[in-house]
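Atoms within a ligand are numbered from 1 in the order they appear, just like the ligands themselves. When a residue number appears, it is its place in the shown sequence, counting from 1.
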Amino acid sequence: MISMILDFFKKTIPAPLVFTVFFGVLIGTAFGLSIPHIFVTNFERVSTYEEVAASSMVEEALRFTGSSSLEEAGFSYVTLPGIQKYDGPRLAQSMPIGTKETWLSWMSRNRSDDPVFLDQRWDWAQDLVISSELKRPEDVRAFLLTPREHFVRAANKGLEYADTWLPIGYGATITDPDVVSMMTTTLNVQPGDKVLEIGTGSGYQAAILSYLTRDVYTIEIIRPLYVETDALYTELEKNFPSYSVINRKLGDGYYGWEEFAPFNKIIVTCSIDHIPPPLLRQLKPGGIMVLPLGPPNRQYIMEIVKHEAEDGSITLSRRDVYNGQSVKFIPFRDDAGASYSTPVPDEI
Ligand code: SAH
């Protein structure tokens with residue numbers, strides 16, 4: 001039957017036409033796949049809001065949904081550039097880190113970073129290794145490649161490599177480098193891991209992650225901060241192409257990012273007194289979640305490993321990575337700005 005159909009086509013359709021159609025489909029498919037911002041059902045998977053707003057898809061979407069505005073039509077702020085899959089881990093592996101001189105000379109040949117910051121960055125990363133906050137060579141490489149100077153906001157110029165957290169506006173902070181190191185080391189990211197970060201903030205943590213794997217997802221709840229950091233990544237991508245793998249979204253990270261779940265690793269960078277159940281569900285069995293867990297006034301950086309038994313039952317193992325020493329993160333909050341943690345008694 002099939003051969004009869006094929007014979008029919010062979011006889012009736014001229015060969016040049018078959019070739020044209022075949023290559024047309026091939027090229028069309030390749031082109032379609034190469035467009036990072038593909039429009040799919042429910043209008044979730046779109047580009048940045050600005051790009052959508054500027055595109056001709058808008059009219060079509062509004063007509064289709066019968067809505068008068070993009071937001072009413074269910075568009076969300078989402079940037080999904082990750083399809084480009086730039087290989088940050090490979091770049092990191094190819095970088096020599098034997099001595100400061102060889103590293104500096106490689107950086108000056110391969111990157112456009114300001115030499116003043118390179119010098120500071122090397123010494124600072126050595127300190128993080130000495131204090132054992134950076135344990136794995138992969139993480140040292142990621143820290144050496146990430147230009148913190150672009151993520152610390154303008155008001156804090158001069159403190160780019162200071163050992164402290166800094167305000168980034170909107171009540172948010174860029175976490176202090178030793179805690180970023182400890183959390184990154186604990187996450188034990190492998191190339192190919194799908195990693196979700198809750199709390200994009202300055203964008204620094206996700207930038208580090210982009211040198212450890214090519215599959216990074218990050219969610220921020222504060223709209224102007226999201227817009228600012230999204231634009232920063234887009235600008236930096238020209239010189240730092242690994243940021244093109246950072247998929248970002250404006251939304252409430254309490255509910256994770258269902259569409260791309262499950263994740264091998266989840267890092268939460270805002271404080272909460274319980275593990276958000278949706279995040280636990282979206283963690284792969286064997287996966288690791290790192291989060292600042294505790295009441296509003298102090299937290300402990302916990303490493304949570306999810307285990308699934310043969311009968312499907314789930315157990316968790318927990319480790320306090322600072323062994324009793326507390327930290328203080330800004331609160332994990334909902335859309336209305338209320339903390340997800342129960343207030344401590346003297347705050348009630
Ligand atoms: N990882 C950031 C740290 C930012 S501070 C960095 O490297 O700079 C914590 C961030 O968590 C803040 O930007 C805050 O707005 C964000 N946040 C708080 N609650 C959130 C939620 N429900 N969903 C997503 N982000 C949240």
Partner residues of Glu138 under the side chain to side chain contact (heavy atoms under 4.5 Å, CB included) criterion, sequence neighbours left out:
Gln93, Arg136, Leu212
Taking only residues two or more places apart in sequence or in another chain, which ones pass salt bridge (charged side-chain N to carboxylate O under 4.0 Å, His left out) with Lys238?
Glu235
Spatial distance of atom CZ (Arg121) from atom CG (Leu144) [nearest 0.5 Å]:
7.5 Å
What does the 4.0 Å heavy-atom contact list look like for ligand 1?
Ala172, Thr173, Ile174, Thr175, Glu197, Ile198, Gly199, Thr200, Gly201, Ser202, Tyr204, Gln205, Ile219, Glu220, Ile221, Ile222, Leu225, Gly251, Asp252, Gly253, Thr269, Cys270, Ile330, Pro331, Phe332, Arg333
Listed partners of Tyr340 passing ring-ring contact (aromatic ring centres under 6.0 Å, His included), at least two apart
Tyr254, Phe332
What pair of heavy atoms forms the shortest contact from Arg214 to Pro89, and how long is it?
CG-CD, 3.8 Å
Taking atom types as modelled, is there a side-chain donor on Tyr211 or Tyr243 under 3.5 Å from an acceptor on the other?
yes
